[in-house]
Asks: 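Got a structure for you, written out below as C-alpha cells; questions coming shortly.
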Amino acid sequence: MLQQTQVSRVIDFYHRFLTRFPTLEALAGARESQVLARWEGLGYYARARNLHKLSRAVVREGLPAEAEQLRKLPGIGPYTAGAVSTFAFERRAALVDTNVARVLTRVFAPKLHPKRARDQKAIWAIAEAALPRTGKAAWTHNQALMELGALICTARVKQCGRCPVRGICKSRDQE
DNA sequence: GTCCTGTGAA
DNA sequence: TTCACGGGAC
C-alpha cells in the first residue's frame with residue numbers, strides 16, 4: 001500500500017483491509033473482486049491484484065528472507081524486497097525509496113538526481129556502501145534513513161538545523 | 001505543478 | 001530506459 005502513497009493516506013485503508021483479510025490465508029482464499037473492493041479509492045490497483053497473487057504464492061511456498069528471492073514475487077520490486085528483508089528478517093539488505101534516495105544524494109552525492117533513472121544504480125551503490133556490518137544494525141540504519149527523509153530531510157522544507165548528520169552533509173544549508 | 005516508504009510492461 | 005498507473009495534500 002505504501003508504494004508511491006503517503007503513510008497518512010494508507011493508515012485507514014490498511015486497518016480496514018486487515019479487518020476484512022486478517023491472515024494471509026484469508027486473503028489467498030478471497031476472490032480478486034473482493035480484494036479490489038477493499039482497495040477502492042487507494043489507487044494503483046495493480047498493487048491489489050499483485051498482493052492477492054502474492055498471498056497465494058506465499059501460502060503455498062512460504063516467504064523468503066533474501067531480497068533476491070523476494071524480488072520474484074508479484075508486486076515486489078527492489079525497494080520492497082530490501083524493505084522486507086531488512087525490516088522483517090533483519091538481513092543486511094539495502095533499500096532505496098524516494099526518501100532514502102533524497103537523503104543519500106543530499107548527504108553524499110549532491111550531483112546525483114534522486115528521481116533520474118540513470119542515477120539509480122549509483123544511488124543503490126551508495127546505499128550498499130553505507131550499510132553497517134550486521135543485519136541488526138542494518139535494520140536500525142535503514143529505519144533511521146527513512147525517518148530522516150520523512151521527518152527532517154524532506155522534499156519541500158528541509159530542516160537542516162535539526163539534522164543529526166548536518167556535520168557531514170554536502171548539501172547542508174549555509175547559516 | 002510536485003510529491004508520496006515503486007513496479008511491471010513496453 | 002522510459003512510461004502508465006490513482007489519488008490526495010501542498
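Sequence lines set the chain letters: A, B, ... in the order given, protein chains first and strands last, and positions in each chain run from 1.
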Asks: In whole angstroms, how far is the C1' atom of B:dG6 from the OH atom of A:Y79?
Replies: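 Going from OH in A:Y79 over to C1' in B:dG6 covers 9 Å.
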Asks: Rounded to the nearest Å, what distance is computed from the CZ atom of residue A:R71 to the C1' atom of nucleotide B:dT7?
Replies: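 Taking CZ of A:R71 and C1' of B:dT7, I get 8 Å after rounding.
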Asks: Quick one: do A:V84 and A:V96 end up in the same hydrophobic cluster if we chain Ile, Leu, Val, Met, Phe, Trp and Tyr together by side-chain heavy atoms under 4.5 Å apart?
Replies: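 Each belongs to a different hydrophobic cluster.
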Asks: Measuring only the P atom in each nucleotide, how far is C:dG8 from B:dG8? A whole number of Å is fine.
Replies: 24 Å
Asks: Between atom CD1 in A:I76 and atom C1' in B:dG8, what is the gap in whole Å?
Replies: 12 Å
Asks: Using whole Å, what does the distance between atom C1' of nucleotide B:dC4 and atom CE of A:M1 come to?
Replies: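 Between C1' of B:dC4 and CE of A:M1: 16 Å.
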Asks: List the steps, then state whether side chain to side chain donor-acceptor pair (under 3.5 Å) holds for A:R20 with A:Q34.
Replies: CA-CA 9 Å; A:R20 175 62 182 81; A:Q34 307 263 293; 2.8 Å; yes
Asks: For residues 32-64 of chain A, which residues have at least one heavy atom under 4.0 Å from DNA chain C?
Replies: A:G41, A:L42, A:G43, A:Y44, A:Y45, A:R47
Asks: Are A:F21 and A:L2 connected into the same hydrophobic cluster when the rule is that any two of I, L, V, M, F, W, Y join if their side-chain heavy atoms are below 4.5 Å apart?
Replies: yes
Asks: Just do the side chain to side chain contact (heavy atoms under 4.5 Å, CB included) check on A:F87 and A:Q143 with the steps written out, would you?
Replies: CA-CA 8 Å; A:F87 294 140; A:Q143 282 290 339; 3.2 Å; yes
Asks: Which whole-number value in Å describes the distance from A:K72 NZ to B:dT7 P?
Replies: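 Answer to the nearest Å: 17 Å.
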Asks: Atom CG of A:L2 and atom C1' of B:dC3: how far apart are they, to the nearest Å?
Replies: 15 Å
Asks: Please report the distance separating the C1' of B:dT7 from the corresponding atom of C:dA9, rounded so that it comes out in whole Å.
Replies: 23 Å
Asks: I'd like to know whether A:R47 forms a side chain to side chain donor-acceptor pair (under 3.5 Å) with A:N50, so could you lay out the CA-CA distance, the side-chain angles of the two residues, the decisive distance to 0.1 Å, and finally the verdict.
Replies: CA-CA 5 Å; A:R47 294 181 298 179; A:N50 283 330; over 6 Å; no
Asks: B:dC4 phosphate, OP1 or OP2: any side-chain N/O from A:T98 under 4.0 angstrom?
Replies: yes
Asks: Verify the contact: side-chain N or O of A:Q3 to OP1 or OP2 of B:dG6, cut-off strictly under 4.0 Å; return yes or no.
Replies: no
Asks: Under 4.0 Å, counting only non-hydrogen atoms across every strand here, what does A:S8 touch: a base, just sugar-phosphate, or nothing?
Replies: nothing
Asks: Under the 3.5 angstrom rule, does the side chain of A:S8 hit a backbone N or O of A:Q6 as a donor-acceptor pair?
Replies: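 No: the side chain of A:S8 does not pair with the backbone of A:Q6.
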Asks: Please state how far atom CG in A:L73 lies from atom P in B:dG8, giving the value in whole angstrom units.
Replies: 10 Å
Asks: Between A:Y44 and A:W39, does the ring centre distance come in under 6.0 Å?
Replies: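 No, they do not, as the ring centres are separated by 6.0 Å or more.
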Asks: Assign each of A:G75 and A:A155 to its nearest nucleotide of DNA chain B by heavy atoms, then name whichever residue's nucleotide is nearer the 5' end.
Replies: A:A155
Asks: Map A:R118 and A:Q6 onto DNA chain C by nearest heavy atom, then report which one ends up closer to the 5' terminus.
Replies: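 This one resolves to A:R118.
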Asks: Is the backbone of A:H15 close enough, under 3.5 Å, to the side chain of A:T19 for a donor and an acceptor to pair up by distance?
Replies: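 Pair found, side chain donor or acceptor close to backbone of A:H15.
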Asks: Measure from CG on A:D97 to P on B:dC3 and round the result to the nearest Å.
Replies: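 Going from CG in A:D97 over to P in B:dC3 covers 14 Å.
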Asks: First and last nucleotide of DNA chain C touching chain A, 5' to 3', heavy-atom cut-off 4.0 Å?
Replies: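 Taking any atom under 4.0 Å from a heavy atom of chain A, the span is C:dT2 to C:dC10.
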Asks: Check whether any side-chain N or O of A:R38 sits under 3.5 Å from a backbone N or O of A:F17 as a donor-acceptor pair, and report yes or no.
Replies: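 No; zero donor-acceptor contacts below 3.5 Å.
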Asks: Please find the pair of heavy atoms, one from A:L131 and one from A:R92, that lie closest to each other, and give the distance.
Replies: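 Closest heavy-atom pair between A:L131 and A:R92: O-NH2, 3.5 Å.
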Asks: For atom P, what is the distance between C:dT1 and B:dC4, given to the nearest Å?
Replies: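 Between the two P atoms, the distance is 22 Å.
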